[in-house]
Amino acid sequence: MRGTRYGPGVLTRFASVSDPIPVAGGGLLSRRALLKGAMVMGAGAALPATAADEHLGAAMAWQKTPGRPPTGYGNPSRFESAVTRTTYHRYGAIALGNGGSFTPLERLRGTITPNGLHFERHHQGVPDIDPAKHRLVVHGLVRRPLRFSIDALGRYPMTSTTAFIECAGNSFPNTNDKPPQVTCGEIHGLVSCSEWTGVPLAMLLEEAGVRADAKWIVAEGADAVSMHRSIPIEKVRDDALVALYQNGERLRPEQGYPVRLLLPGWEGNMSVKWLHRLELVTAPVQARDETSHYTDALPDGRALQFTFEMGVKSVITQPSPGWMLQGPGYYDISGLAWSGAGHVARVDVSADGGRTWAPAELMETAQPFAFTRFRLPWRWDGGPVRLMSRAMDEREQIQPTRAEWMQRYGAKQRYHYHAIQTWQVDDMGEVSNAY
Ligand SMILES: Nc1nc2c(c(=O)[nH]1)N[C@H]1C(S)=C(S)[C@@H](COP(=O)(O)O)O[C@H]1N2
Ligand SMILES: [Mo]
């Protein structure tokens, strides 16, 4: 059956809208227009009132017996069991630990990723670290080399920051010649957003006494590949966080338990998980992940090194592939935007393949380096349309088109893809990936 192969199902249609002022082609309406009377039942009829009466009159099965008792650690409803990450393995059975999983962006609302759905990227699996035995060592060009236990780190004053982490390889499927027909999350879900809590790295470095010749810091993880990266000292002084908590609870093992580095806005690879060593050095150490990986292939055959900051980006999550539209009518377009430069300043939406654009409404509480949710009301006339979103950040950087982005790089480029996403809606209301 169409539209049921994957994905979350039917997108809510609204019966009417107050003040339906058109603001761009393809049926885009003023962001101030109010959508009224959600219709979710298919043929276009609102729920008959008798259904509601029945519901009020007779008790439902779950009202007739006591519910189950409290539990020590909660789980989502069993009716939400389809809301999971999609896992992948880079090299199959020879190295099962080298892989990752995509956050199902199309199934989530708001801007915080639940801990169990945070995307994963592991180069050699998730180590099973005993926090009592784990240590973080600061050494190299410092006056006092220091060794911290997790308990010791927990005694420092902590700060919280809401930040996305995005893999530099996120959205790589869209560098394929043909648009892959998978979900939004399976294209763009190597990004997630959490509130991270921990100790500013600058505070620990102050205690260690950084020498004047220290210009870079090498962060290394305690996993089976000892994954490590060189980080310029300025970023550390700015906002690097030694994170212990994720959305209020201890980090998940997948996110680096018991301690990870967080570099807000910078490519995910540098936010080293299972952090156990920080070495102050004069120059980058040319690690595997800053030479053979995470560099940008240029058209002339050279490779660009050290693209740290993630580009400005956005994607419409509702509707997206897997969401079916229920015939002509009013819908609320919703999506996520983010930028490695800080704040998202503006998101424009197009419903006519980029010919005309209208500014979406941005959530008011948006933080720099975090997800910003945007929305815009839309009246679909039932014909084929191309939906797009285009974000601009506080530095007035604008998301490129796919053609512009492809032109900048060599044929083998897979990293740092942040081009405008086009979703094609056909006359049946099915959504697919399009270039
Ligand atoms: N020690 C270590 N740190 C690591 C990795 C790893 O494999 N080992 N993967 C990196 C990559 S490539 C990314 S994109 C992010 C992913 O973080 P997450 O798994 O918490 O989403 O962690 C980075 N930190
Ligand atoms: Mo990554």
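Whatever order the structure lists ligands and atoms in, that order sets their numbers, starting from 1. Each residue takes its place number in the sequence, starting with 1. Just so you know, these numbers come straight off a predicted model, no measurement behind them.
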Enumerate, atom names and distances included, each donor-acceptor pair closer than 3.5 Å involving a side-chain atom of residues 86-95, sequence neighbours excluded.
| from | atom 1 | to | atom 2 | distance (Å) |
| --- | --- | --- | --- | --- |
| Thr86 | OG1 | Glu186 | OE2 | 2.9 |
| His89 | ND1 | Leu96 | O | 3.3 |

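- Legend: side chain to side chain donor-acceptor pair (under 3.5 Å) pairs involving residues 296-316, not counting sequence neighbours, sorted by first then second residue: Glu166-Lys313, Ser171-Lys313, Gln286-Gln305, Asp296-Thr307, Asp296-Gln413, Asp296-His416, Asp300-Arg302, Glu309-Arg395, Ser314-Ser389, Ser314-Gln399.
- Under a cut-off of 6.0 angstrom, the local environment of CZ in Arg288 is crowded, with over 12 non-hydrogen atoms contributed by other residues, nucleotides or ligands.
- Closer than 4.0 angstrom to ligand 1 sit non-hydrogen atoms from His118, Phe119, Glu120, Arg121, His122, His123, Cys167, Gly221, Asp223, Met227, Glu254, Gln255, Arg260, Gly268, Asn269, Ser271, Val272, Lys273, Trp274, Tyr294.
- Phe306 and Trp216 have tilted rings, their planes meeting at an angle from 30° to 60° on a 0 to 90° scale.
- The existence of a salt bridge linking Asp289 and Arg229 is excluded, since no basic side-chain nitrogen approaches an acidic carboxylate oxygen closer than 4.0 Å.
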If you look only at distance, which donor and acceptor atoms sit under 3.5 Å apart when one is on a side chain in residues 154-164 and the other is two or more places apart or in another chain?
| from | atom 1 | to | atom 2 | distance (Å) |
| --- | --- | --- | --- | --- |
| Tyr156 | OH | Glu207 | OE1 | 2.4 |
| Tyr156 | OH | Glu207 | OE2 | 3.3 |
| Ser160 | OG | Thr197 | OG1 | 2.6 |

